[in-house]
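Accompanying notes for the structure given below.
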Protein chains: 2
Amino acid sequence: MPKMVRRAGSDALTRRAGHESAADRSGSSRDHHIGALFEAVLTRGPLSRRDAARITGLSAASVTKLVRPMIEHGYLVENTREAGVPGRPQIPLQVDAARHYAIGIKLMDGEIVGVVADLHGEVQSSHRMRYPDTSPTGVADAIEAMTATLLERSPVERERLLGIGIGLGGHINGAAGVVVESPFMDWHNVPLQDVIAQRMQLPVVIENDVNTLALAEQWFGAGSAFNSFALVTIGAGVGCALVLDGKLWRGVSGAAGEFGHMIVDSNGPVCHCGKRGCLEAVVSDSAIAAAMSHSAGRKISKVSQVVAEAHAGDEDAQRAFTQAGVALGRAIAALLNLLNPPLLILSGEGIAASDLFIDALHAELKHDSFSSTAADCRVIVRPLPDEVWARGAAATMLRHGVMHSLSRLTDQVSA
Amino acid sequence: MPKMVRRAGSDALTRRAGHESAADRSGSSRDHHIGALFEAVLTRGPLSRRDAARITGLSAASVTKLVRPMIEHGYLVENTREAGVPGRPQIPLQVDAARHYAIGIKLMDGEIVGVVADLHGEVQSSHRMRYPDTSPTGVADAIEAMTATLLERSPVERERLLGIGIGLGGHINGAAGVVVESPFMDWHNVPLQDVIAQRMQLPVVIENDVNTLALAEQWFGAGSAFNSFALVTIGAGVGCALVLDGKLWRGVSGAAGEFGHMIVDSNGPVCHCGKRGCLEAVVSDSAIAAAMSHSAGRKISKVSQVVAEAHAGDEDAQRAFTQAGVALGRAIAALLNLLNPPLLILSGEGIAASDLFIDALHAELKHDSFSSTAADCRVIVRPLPDEVWARGAAATMLRHGVMHSLSRLTDQVSA
DNA sequence: CCGGTTATTTCACAACGTCAACCAATACTT
DNA sequence: AAGTATTGGTTGACGTTGTGAAATAACCGG
């Protein structure tokens, strides 16, 4: 009997937990290089083949070979060459922005914002609408109407439409296409990706809204110059996304980036999550309004009013923001100390009033940071126009779709 | 004039900040495969070629080809085959543990611990000594003496000695070999790696001590089954290391993993760093002793005494530990919420008394965690025998050395 | 038009992993 | 004892992919 034991585990060889072993790495190294090349041309402006080679580390010969099919398939276009120095002039390569579009949708409580964006992240049209029914089918209805309106306003051939990207708050498992937990919608394990894809007959990707912002930032924003960065958003809530080593970090179950419920003040106000002194309970819009209501002794319900009074010189209002800045600085210091990223992007609706708390934030950040973590991290404040959330969702779809179709490129095309 | 502008940036093409572009990726994909193969055989016990192929995702043919030079150079050995089922029996492959050794040294305030470890992480000999002079040359003297003693007690041919790994607390830039900040030693930007390498005429790697533990855990411990994990140590201080996607995460400047000074209680005790309510000011050995001193109203200077009294039923002592458990749970919840890792390893000297606080820790962890982050994370408590720190340092050197020499393997050897 | 200079392309080649066929070593069957 | 089934390991031709060196292209300045 013991004889039979020996090979017991042989057929149950499990891959490392959470690891895509080399076997399921569908793309060979070529796909990786094509992707890198595309990203280089996209994010670093028009680029000659030679410069693209320098950036990606490939040889010039390889770049020539890889670029050919990308041009034939219309992903890249050659710009007109422009001389001016001795030697053969470079041929600037550019991404053909009009080649692919995606719809991006930001899902909120009773409202959705949608955009059509091209491959440069430029918004072609945008629309905003309310919807009554927050059930999955209600959302599907809304998305269908939204899509129709968007495509009407900015006609895009179906062929050029890569799909729909959807961003929403909560715990989203983007890889599985499932909304694991959505507090606003009160959803649990809703396979939203399939629901919408079936209805719209288009590719769909879903992702946590802050993650979509991070992906957009990586392709079209400040993140393109850095390999890793953290993104923190402030507004109705507090969000965080991490790009580590060029990849969006999702964690085992896609829940990474939860930042708003870090406890920053153990006897602070009670948070809606039930705990006391969460970051979100101190710095969110409603928290700031509540803080001022409390100290000023009168009811104030909107942040905008606090902002106005702070700018007008009201000390209670200013203090409300300062306290929020300190709390935020403390939490961000914890983040920087833990991960030591080279870049932090501050965004979200709440950042519009950054002048009221950024000094307090920086002071606290400096005070709480260990060694050089704060000094080594560049901090960028990025105002967030309203539709940018939706653009982020579009970017997510664009990346997914383009990378997918690029990897299916062959060069035996010129027939 | 505008004509000249065009190529301005061409020669100053900078690679992405903090990014090793494909160009300086010295190893081709083959090196990567060899490394993966070696790791698979090392961490997953004796393995047949076929099973190794399944784990790494390579074809059986490739494994045969890659394994050959590894055997010829003595990195792997074939075990005696053992039958029992129909079919040709597997030939178990094993890492030849006796092929390579490394010295590992854990540097503390006035004391160093050193070990000799083989490729399986088995400690061959260990030694502990005090040293008076904490200047770099003083440390070099101590390391020289330590090395002599260790090699005397466990004779290892110079050929088989890969080098010396050194672990110490503080902000260490392992890639550069520089101690950026060491509070205990009061060092700033000391190029310790070079200093010791010159003196000992051996390869030397230095790394933050918690990071060395993480690397050891990844090769020889629980981390081998996971692709990502967090390691938290408790003892004289609180440390943290992160392995993300198979790689030790160091951050831009090597300072990542600072965890002890996260503020968990804004009106907690003052920390030695000057802030109030740092995690370390609540859960470190001295903090626990201080907490009990305070509540019991008598001077207690050693944790061991608090442990004894807690076990004897003293409520003050028990409360001191419970409070520490809550604080730790809160901080770890922040960590899990942010990164959502599949595994957390709790270690450090302080973990010996884990029975006194682990329940409080888990309760707080569950309470503070968002969505499924705590449920999705396996928590392992790992007692830390004293020399394990030094073993970690040895592991760091082993990994570095072996991976380096493996990548230089060719298969045209059988001459 | 002639070098001089730099960008791009061509092409033979080398490195590497894989497929499919083949060989090896065992258990089981008759 | 010989044959069959079964599984592991090896071999060699082959396709893919990236590269170096040489060739070619496209501009300058004279």
Side-chain angles (χ1 to χ4, degrees), chain A residues 1 3-4 6-8 10-11 13 22-23 25-37 46-54 56-69 71 76 78-93 407 409-412 414, chain B residues 3-4 6-7 10-11 13 22-23 25-37 46-54 56-69 71 76 78-93 407 409-412 414:
Chain A
M1 208 41 104
K3 281 189 153 192
M4 296 304 292
R6 193 186 121 242
R7 237 169 246 178
S10 281
D11 286 305
L13 274 178
R25 167 201 63 186
S26 55
S28 48
S29 79
R30 181 172 200 255
D31 290 355
H32 180 253
H33 287 154
I34 289 194
L37 205 48
L47 224 54
S48 71
R49 288 171 174 76
R50 186 170 153 278
D51 288 349
R54 285 209 264 251
T56 59
L58 291 164
S59 69
S62 303
V63 172
T64 293
K65 277 200 247 185
L66 290 174
V67 157
R68 200 193 323 274
I71 289 181
L76 301 184
E78 292 192 335
N79 223 320
T80 56
R81 41 190 114 206
E82 214 180 308
V85 279
R88 173 176 176 169
Q90 307 173 317
I91 308 173
L93 293 171
S407 74
L409 274 192
T410 56
D411 50 359
Q412 64 246 13
S414 44
Chain B
K3 281 191 154 189
M4 297 303 293
R6 195 186 114 240
R7 236 170 246 174
S10 279
D11 287 304
L13 275 179
R25 167 201 62 187
S26 54
S28 48
S29 79
R30 181 171 200 255
D31 289 355
H32 179 254
H33 288 154
I34 289 194
L37 204 49
L47 223 54
S48 71
R49 287 171 175 76
R50 185 170 153 279
D51 289 348
R54 284 209 264 251
T56 57
L58 291 165
S59 69
S62 302
V63 171
T64 293
K65 280 196 232 183
L66 290 174
V67 157
R68 199 193 325 274
I71 290 181
L76 300 184
E78 292 191 336
N79 223 319
T80 56
R81 41 189 113 206
E82 213 181 306
V85 279
R88 173 174 175 171
Q90 308 174 318
I91 308 173
L93 293 172
S407 74
L409 274 191
T410 56
D411 48 0
Q412 64 244 13
S414 43

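Numbers restart at 1 for each chain; the letters A, B, ... are given by sequence-line order, proteins then strands. Everything numeric in this text was worked out from a predicted model, so none of it was measured.
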- Item | Candidate pair B:Val63 and B:Arg50, rule side-chain contact (heavy atoms from CB on, under 4.5 Å), full reasoning | CA-CA 8 Å; B:Val63 171; B:Arg50 185 170 153 279; over 6 Å; no
Please state whether the phosphate of [N], meaning OP1 or OP2, lies under 4.0 angstrom from any side-chain nitrogen or oxygen of [X].
| X | N | value |
| --- | --- | --- |
| A:Thr64 | C:dT8 | no |
| A:Ser59 | D:dT19 | yes |
| A:Ser29 | D:dT17 | no |
| A:His33 | D:dT17 | no |
| B:Arg68 | D:dT11 | yes |

Minimal non-hydrogen separation, [X] against [Y], with atom names:
| X | Y | value |
| --- | --- | --- |
| A:Asn79 | A:Ile91 | O-CG2, 4.0 Å |
| B:Ala52 | B:Leu37 | CB-CD1, 4.0 Å |
| A:Val67 | A:Arg49 | CG1-NH2, 3.8 Å |
| A:Gln90 | A:Arg81 | O-CB, 3.5 Å |

Got a second to check how far [X]'s [atom1] is from [Y]'s [atom2], nearest 0.5 Å?
| X | Y | atom1 | atom2 | answer |
| --- | --- | --- | --- | --- |
| B:Leu93 | B:Asp51 | CG | CG | 10.0 Å |
| A:His32 | A:Ser407 | NE2 | OG | 12.5 Å |
| B:Leu66 | B:His33 | CG | NE2 | 8.0 Å |

- Task: Check side chain to side chain donor-acceptor pair (under 3.5 Å) between A:Ser62 and all other residues, then give those that pass, not counting sequence neighbours.
- Result: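 With neighbours one apart ignored, the set is A:Ser59.
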Protein-nucleotides 21-23 of chain D N/O pairs closer than 3.5 Å?
none

- Message: Let's go through A:Glu78 and A:Ile71 carefully: what are the C-alpha distance in whole Å and the side-chain angles of both, what is the deciding distance for side-chain contact (heavy atoms from CB on, under 4.5 Å) to 0.1 Å, and is it a yes or a no?
- Response: CA-CA 8 Å; A:Glu78 292 192 335; A:Ile71 289 181; 3.7 Å; yes
- May I ask you to say what A:Ser48 touches in the nucleic acid, namely base, sugar-phosphate or nothing, with a heavy-atom cut-off under 4.0 Å?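 Since only primed, P, OP1 and OP2 atoms lie under 4.0 Å of A:Ser48, the category is sugar-phosphate.
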Could you state the atom-to-atom distance from [atom1] of [X] to [atom2] of [N] in whole Å?
| X | N | atom1 | atom2 | value |
| --- | --- | --- | --- | --- |
| A:Arg30 | C:dG17 | CZ | P | 18 Å |
| B:Leu37 | C:dC16 | CG | P | 14 Å |
| B:Leu66 | C:dT18 | CG | C1' | 12 Å |
| B:Arg54 | D:dG8 | CZ | C1' | 10 Å |
| A:Glu78 | C:dT9 | CD | P | 7 Å |
| A:Arg49 | C:dT6 | CZ | C1' | 15 Å |
| B:Leu58 | D:dG9 | CG | C1' | 15 Å |
| A:Asp31 | D:dG18 | CG | C1' | 14 Å |

Report each atom pair, protein N/O against N/O of nucleotides 24-26 of chain D, whose distance is under 3.5 angstrom.
| from | atom 1 | to | atom 2 | distance (Å) |
| --- | --- | --- | --- | --- |
| D:dA25 | O4' | A:Arg88 | NH1 | 3.3 |
| D:dA26 | N3 | A:Arg88 | N | 3.2 |

- Item | Side-chain donor/acceptor contact of A:Lys65 with base of D:dT19 under 3.5 Å |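 Yes, a donor-acceptor pair under 3.5 Å.
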- Message: Quick check for you: among D:dT10, C:dT5, C:dA27, whose closest atom lies nearest to any side-chain atom of A:Pro86?
- Response: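 Selected nucleotide (nearest to the side chain): C:dT5.
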